[in-house]
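Notes follow once the structure below has been shown.
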Amino acid sequence: MSDNLYDVIVLGAGPAGLAAAAAAREKGASVLVIEREQKAGGILKQCIHDGFGLLHFGERLTGPEYALKCLEQAQNAGAESLFSAFVCAAEKEESGFSLELQTQGGMRQVSCKALVLACGCRERTAKQVSIHGDRPAGVMTAGTAQYFVNVMGCLPTKSCVILGSGDIGLIMARRLTLEGAKVLGVYEAKSEPSGLARNIAQCLNDFSIPLHLSSTVTRVFGSERVQGVEVCRVDENMRPIEGSEQRIDGDALILSVGLIPENEIAESLGVEIDPATKGPFVDQNFMTSVPGVFCCGNALAVHDLVDYVSEGAAKAGAAAALYDATHNRMLTPLAYRKEDFLCVVPQFTDESSLGNMMLALRSRHDVKNASVELVFQNGAAKTYRFQRLSPAEMAVIHVDAKENGVVQSVHLEVRT
Ligand SMILES: Cc1cc2nc3c(=O)[nH]c(=O)nc-3n(C[C@H](O)[C@H](O)[C@H](O)COP(=O)(O)OP(=O)(O)OC[C@H]3O[C@@H](n4cnc5c(N)ncnc54)[C@H](O)[C@@H]3O)c2cc1C
């Protein structure tokens, strides 16, 4: 094997990429992890709060501690890694994939038999939500604010408004308050919060930070630096209600308005994208519509628990290591009602390689006492009970597809 040819190349050294790399090595594959940043860990590097790892490592860790454990696993397994390396182009070749990289030492070409995409996701910016006014300094995403505070040690605001009730925004509301800034309010256009219930309680309620539902920011004031924002109520179609406008003075607008999986490389390889997750369609082995290309972590679908990222990514890495280009898949789509679920992953079952399957789903609405029924191709059905399902919390079901066969559909019922 030449220096530049690997069985598996993993793009991204966040928790997903590191878990995929460790699992692929454990199956005996030669593995290269490519990361555009200088260090491994992905988004966890800036998440200095704790609460990570209870399921996966059985202990309560901070983001950097969790990332370090993942890095050690990948390194101990013998995965090679390349940092500060940017993938400029990826191409499908007859016997695998070739990648063109820009590295600190210049351009480099590497090839592999199977590719694992673990590139994470990016935050929506002010450009993707309609806010009138100038773009003065002080309009930033919650992740950028988190980077300023936790990595650079700078406080980017003295008093701010947060738009959107996503988890990063909630965590930053608490963090900025602890650092001495005044968070004037969190404004959410939907009638329900987007973040986890525990984050609403621990990050807003515990610090008396007001959450305004069915409300949004319509205008930014200020030319060089934000001087204030205009907020208003919205109707059930999320249209601003005339006459409800109010000006709030502050020096920053922090956006927590959603995450989008990073899939430029997947798309350049012709991977089909699910409009529901904005990540690739995959089967239970995390293989995309392009044979030999696997996807996991936040690049596949936005996860709220890193523990599930690690679990799924390990399956993806192991499957990539065992990838056989001559094997023909037998894919059955998994049906669900869009009125019940925002998304279900995987979207396909490959009948030719059934095994343990991890099924992740998000309900469209908040549902208490929910039953999720899986119907198998042989007509059998299994029911899983949940005290509560919520769009903010990904639910995971483990299915033994070897025993039960192909999952044909998922149904939601409310117990009375
Ligand atoms: C603020 C915040 C708070 C959170 N809190 C919790 C919590 O309390 N508990 C919990 O369990 N989870 C939490 N999460 C979720 C968890 O951190 C994520 O689900 C997890 O980090 C996603 O892992 P990933 O590897 O898919 O993506 P990332 O961590 O984003 O890693 C992706 C990596 O890929 C690299 N990359 C991207 N494109 C390329 C490319 N083309 N070439 C090379 N490299 C590339 C990136 O630089 C990055 O290092 C939180 C997330 C955030 C943002």
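Both ligands and their constituent atoms are indexed starting at 1 by order of listing.
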Check each of G53, G14, A301, P261 against atom 31 (O) of ligand 1 and report the one with the nearest heavy atom.
G14
Pairwise side-chain contact, R329 with D283, heavy-atom cut-off 4.5 Å (strictly under):
yes
For E72, look at atom CD and say whether over 12 heavy atoms of other residues, nucleotides or ligands are found less than 6.0 Å away.
yes
Quick note on ligand 1: atoms under 4.0 Å from a heavy atom of A118 include exactly 32 (C), 33 (C), 34 (O)
Between Y384 and E373, is any side-chain donor less than 3.5 angstrom from a side-chain acceptor?
no
Mind checking whether C47 contacts ligand 1 via backbone (N, CA, C, O), side chain (CB onward), both or neither, at a 4.0 Å heavy-atom cut-off?
side chain
Minimum non-hydrogen distance to atom 23 (O) of ligand 1, winning option of G41, G297, P15, A67:
P15
Using a strict cut-off of 4.0 Å, indicate which atoms of ligand 1 neighbour a heavy atom of L44.
17 (O), 21 (O)
Can you find a side-chain donor-acceptor pair between R233 and S214 that sits under 3.5 Å?
no
Report yes if I43 has an N/O atom closer than 3.5 Å to an N/O atom of ligand 1; otherwise report no.
yes
Subset of ligand 1 atoms that lie under 4.0 Å from at least one heavy atom of I34:
43 (C), 44 (N)
Report yes or no: does R198 have a heavy atom closer than 4.0 Å to ligand 1?
yes
Test side chain to side chain contact (heavy atoms under 4.5 Å, CB included) applied to N356 and H398, K402, K315, E403, the passing residue:
K315
Nearest non-hydrogen contact to atom 27 (O) of ligand 1 from the set C88, G120, A40 belongs to G120
Just to confirm my output: which protein heavy-atom neighbour is closest to atom 36 (N) of ligand 1, and how far is it?
R36 NE, 3.6 Å
Contact check, side chains of I265 and V87, non-hydrogen atoms, under 4.5 Å
yes
Taking NZ, NE, NH1 and NH2 as the nitrogens, is one of them in D340 or R364 under 4.0 Å from a carboxylate oxygen of the other?
no
Side chains of D251 and Q227: does their closest heavy-atom pair fall under 4.5 Å?
no
In the protein, which heavy atom is nearest to atom 11 (O) of ligand 1, and how far is it?
V306 N, 2.7 Å
Please write down residue, atom name and distance for the protein heavy atom closest to atom 37 (C) of ligand 1.
C119 O, 3.1 Å
With heavy-atom distances below 4.0 Å as the criterion, list the atoms of ligand 1 near L305.
10 (C), 11 (O), 12 (N)
Restricting to heavy atoms, the pick from E37, Q46, E35 nearest atom 48 (C) of ligand 1 would be E35
Please state whether L259 comes within less than 4.0 angstrom of ligand 1, counting heavy atoms only.
no
Which segment of I265 sits under 4.0 Å of ligand 1 when only heavy atoms are counted
side chain
So with a 6.0 Å cut-off around CD of Q38, is the heavy-atom count from everything else above 12?
no
Can you report which non-hydrogen protein atom sits closest to atom 5 (N) of ligand 1, along with the distance?
H49 NE2, 3.2 Å
Element-labelled atoms of ligand 1 that are located less than 4.0 Å from some non-hydrogen atom of D307
11 (O)
Compute the ring centroids of Y308 and H303, then answer whether they are less than 6.0 Å apart.
no
4.5 Å side-chain heavy-atom contact, R362 and D304
yes
For A16, atoms of ligand 1 separated by under 4.0 Å from a heavy atom
24 (P), 25 (O), 26 (O)
Counting heavy atoms not belonging to E59, are there more than 12 under 6.0 Å from its CD?
yes
H327 meets the ring-ring contact (aromatic ring centres under 6.0 Å, His included) criterion, sequence neighbours left out, with none
List the closest protein heavy-atom neighbour of atom 34 (O) of ligand 1: residue, atom name, distance to the nearest 0.1 Å.
G12 CA, 3.3 Å
With heavy atoms of I168 as the reference, note each atom of ligand 1 found under 4.0 Å away.
1 (C), 53 (C)
Of all protein heavy atoms, the one nearest atom 42 (N) of ligand 1 is V87 CG2, 4.1 Å
Nearest neighbour in protein (non-hydrogen) for atom 15 (C) of ligand 1
D304 O, 3.9 Å
Look at ligand 1 and say whether M172 reaches it with a heavy atom at a distance under 4.0 Å.
no
Taken to the nearest 0.5 Å, the spacing of M172 CE from T144 OG1 works out to 10.0 Å
Per-atom contacts, ligand 1 versus I171 - under 4.0 Å to a heavy atom:
3 (C)
Based purely on interatomic distance, does Q146 place a nitrogen or oxygen under 3.5 Å from a nitrogen or oxygen of ligand 1?
no
Does one side chain, of S310 or Y66, offer a donor that lies under 3.5 Å from an acceptor on the other?
yes
Option with minimal heavy-atom separation from atom 7 (C) of ligand 1, where the choices are Y66, F83, F86, F52:
F52
Neighbour count above 12 (heavy atom, 6.0 Å) for K45 NZ
yes
Can a donor-acceptor pair be found between the side chains of E413 and S371 at a distance below 3.5 Å?
no
Heavy-atom contacts under 4.0 Å between V309 and ligand 1: side chain, backbone, both, or neither?
side chain
May I ask you to identify the nearest protein heavy atom to atom 26 (O) of ligand 1, giving residue, atom name and distance to one decimal place in Å?
N298 N, 2.8 Å
